[in-house]
Amino acid sequence: MTDQPDLRPGEIRAADNSSSSVVDLKDYRQSQDPLPVTFHRRELDAILWIYGRMVGEGEWRDYAIDHLKDRAVFSVFKRSGEMPLFRIEKNPKLAAKQGAFSVINTSGVILKRGHELQQVLKVFNKTLKLVEK
């Protein structure tokens, strides 16, 4: 018999000969392929409240949510086949510096950035119009 402990469900034994350690499969998978950044429930509620108001005013008609490895993006459209009018982004890497949340227009200009989503979303309290030449 060996002195090695039995494996529990969800654990694997390291394959290298230098050590015989037990690794949690969930931790191993997350280290290999980290989970994407997502909006939390309260953040999404605040964004959808603004979205609903703007749909009611006839300004916006469609949206898309992207959960990427480095950031989460909520894009709003006038028509679904066009470029997004605005992007609301959450980038946790910028949380300690400029703030994790930002609102970006079609041209890529950052309209507002900050640490709190409610403050950043106040940019939509002003009447923002798309100006076409």
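Since the model is a prediction, treat every value here as computed from it, not as a measurement.
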### Query
Is a donor on one side and an acceptor on the other found under 3.5 Å between the side chain of Lys78 and the backbone of Gly58?
yes
### Query
Are Thr38 and Leu44 close enough, and set up right, to give a side-chain contact (heavy atoms from CB on, under 4.5 Å), and what steps lead you there?
CA-CA 9 Å; Thr38 60; Leu44 202 52; over 6 Å; no
### Message
Test: salt bridge (Lys or Arg N to Asp or Glu O under 4.0 Å). Region: residues 46-58. Which pairs qualify, not counting sequence neighbours?
### Response
Arg53-Glu57
### Task
Spell out, yes or no, whether Leu121 and Leu94 are grouped together once hydrophobic residues are joined by side-chain heavy atoms under 4.5 Å, including indirect joins.
no
### Query
Going from CG on Asp62 to OH on Tyr51, what distance comes out if it is rounded to the nearest 0.5 angstrom?
5.5 Å
### Summary
Taking every heavy atom of Ile104 against every heavy atom of Ile110, the minimum-distance pair comes out as CG1-CG1, 4.0 Å
### Query
If you look at every heavy atom in Lys112 and Gln119, which pair is closest and at what distance?
CE-O, 3.2 Å
### Query
What's the shortest heavy-atom distance between Glu43 and His40, and which atoms?
OE1-N, 2.8 Å
### Query
Quick one: ring pair (Phe, Tyr, Trp, His ring centres under 6.0 Å) partners of Phe74, sequence neighbours excluded?
Tyr63
### Message
Give me the atom names and distance for the closest heavy-atom approach of Arg87 to Ser75.
### Response
CG-OG, 3.8 Å
### Message
Holding to side chain to side chain contact (heavy atoms under 4.5 Å, CB included), I want the full list of residues that pass it with Asn105, two or more places apart in sequence or in another chain.
### Response
Phe86, Ser107, Val109, Leu111
## Note on the structure
Here the pair of heavy atoms bringing Thr106 nearest to Pro84 is OG1-O, 3.0 Å
### Task
Look up atom CG in Leu117 and atom NZ in Lys90, then write down how far apart they are to the nearest 0.5 Å.
9.0 Å
### Task
For atom CD of Gln98, decide whether the heavy atoms of other residues, nucleotides or ligands shown that lie under 6.0 angstrom number more than 12.
yes
### Query
side-chain contact (heavy atoms from CB on, under 4.5 Å) between Ile50 and Trp60: does it pass, once the steps are laid out?
CA-CA 10 Å; Ile50 295 288; Trp60 299 347; 4.0 Å; yes
### Message
Count I, L, V, M, F, W, Y as connected when their side-chain heavy atoms are under 4.5 Å apart, and connections chain through other members. Are Ile88 and Leu48 then in the same cluster?
### Response
yes
### Task
Check whether Val103 and Val73 end up in the same hydrophobic cluster, where Ile, Leu, Val, Met, Phe, Trp and Tyr are linked by side-chain heavy atoms less than 4.5 Å apart.
no
### Summary
Between Val120 and Gly114 the two heavy atoms that sit nearest each other are CG2-N, 3.4 Å
#### Entry: Spacing of His115 atom NE2 and Arg113 atom CZ [to the nearest 0.5 Å]
10.0 Å
#### Entry: Same cluster (ILVMFWY, side-chain, under 4.5 Å), Trp49 and Ile65
yes
